[in-house]
Amino acid sequence: MIGSAPRRVETYLRERLAGGPIHFTLIDPDKSPGPAAAHVAAAAVRAGTDAILLGGSTGITPDGMGAAATAVKGAVQAPAIIFPEGPGSLAREADAVLFMSLLNSRRLDLVVRAHARAAPLVRRLGLEPIPLGYLVIAPGMRVGEVGEVDAIPRDDPAAAVGYALAAEYLGMRFVYLEAGSGAPAPVPTPIVRAVREALSIPLIVGGGIRTAREAAALLDAGAHALVTGTIAEEEGVGAAFRDILREVVRRRAR
Ligand code: 1GP
């Protein structure tokens with residue numbers, strides 16, 4: 001039969017995006033297991049975040065992911081979306097999974113082969129796959145190393161545009177520009193601006209966002225969505241997190 005399963009989470013994200021920029025809070029179930037993940041998620045949603053991404057480190061088990069997803073879903077209405085490290089991160093308790101190709105990896109496994117192994121499991125678990133092109137910009141941090149990427153140089157918007165457009169033309173429905181978790185600075189705004197001008201699918205930007213000023217610059221350059229992880233991990237959902245959220249929320253349609 002031609003047709004696809006309902007895309008509930010993607011539809012929710014698109015509805016939110018119709019009102020302006022959105023924010024994802026990334027929680028690492030290894031560092032914030034079960035109840036701790038729920039605690040962060042609840043505070044993040046109160047501050048205005050739109051969805052919870054679960055993932056971000058190596059060594060996450062399906063049980064750990066499942067426990068975090070269950071706890072988060074018990075605490076908030078926002079969707080719990082797996083940000084996978086590999087097939088071992090998948091758990092049926094989550095709502096969806098970023099089904100992402102690491103576009104600029106030298107490892108074919110991370111571009112498509114692991115996906116071929118994971119896809120039947122995604123189907124069996126009933127997880128909604130969200131097709132996404134994931135592009136690492138220098139410095140890339142740990143994901144850049146583990147992912148064996150040819151990182152996009154920070155002064156080369158044209159290279160980023162090429163990959164991002166290729167992702168769109170291949171049918172992916174989101175592009176994620178990643179500077180790497182804990183990066184000393186976010187993705188440069190000229191890259192964000194150039195990619196946004198070329199793309200007609202939503203653009204997610206993450207890695208190294210620690211201040212409201214950085215968030216504002218990325219949003220003004222055209223990011224549709226921001227991802228933050230480290231800030232809440234290190235400081236909890238405190239003033240810095242709320243200041244970043246304020247920049248997102250105030251750009252939404254009133
Ligand atoms: C990492 O883009 C995310 O994959 C978030 O990065 O931890 O630096 O906020 P930070």
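Both ligands and their constituent atoms are indexed starting at 1 by order of listing.
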Quiz item: Among V122, L121, L125, which one satisfies side chain to side chain contact (heavy atoms under 4.5 Å, CB included) with R92?
Solution: L125

Self-check item: Shortest non-hydrogen contact between A232 and V40, atoms and distance
Solution: CB-CG1, 4.3 Å

Quiz item: Do F83 and Y134 make the cut of ring centroids closer than 6.0 angstrom?
Solution: yes

Quiz prompt | Lys/Arg N to Asp/Glu carboxylate O, D95 vs K73, below 4.0 Å | solution = yes

Quiz item: Is R173 positioned over the aromatic face of F99, cation under 6.0 angstrom from the ring centre and no more than 45 degrees off axis?
Solution: no

In terms of atom number and element, which parts of ligand 1 are under 4.0 angstrom from non-hydrogen atoms of [X]?
| X | value |
| --- | --- |
| E178 | 1 (C), 2 (O), 3 (C), 4 (O) |
| F83 | 4 (O) |
| T228 | 9 (O) |
| G182 | 7 (O), 8 (O), 10 (P) |
| G207 | 2 (O), 3 (C), 5 (C), 6 (O), 8 (O) |

Practice problem: Specify the protein heavy atom at minimum distance from atom 10 (P) of ligand 1: its residue, its atom name, and the distance to 0.1 Å. | Solution: T230 OG1, 3.4 Å

Practice problem: Measure the distance from atom 9 (O) of ligand 1 to every protein heavy atom, then report the residue, atom name and distance (to 0.1 Å) of the closest one. | Solution: G229 N, 2.8 Å

Self-check item: Residue R14 excluded, over 12 heavy atoms near CZ under 6.0 Å
Solution: yes

Self-check item: Side chains of R106 and V149 in contact at under 4.5 Å (non-hydrogen atoms)
Solution: no

Practice problem: Would you mind reporting whether P186 and L218 have side-chain heavy atoms less than 4.5 Å apart? | Solution: yes

[X], any N or O under 3.5 Å of ligand 1 N or O:
| X | result |
| --- | --- |
| V227 | no |
| L26 | no |
| Y176 | yes |
| I209 | no |

Exercise. Just let me know how F24 lines up against ligand 1, side chain, backbone, both or neither, with a heavy-atom cut-off below 4.0 Å.
Key: neither

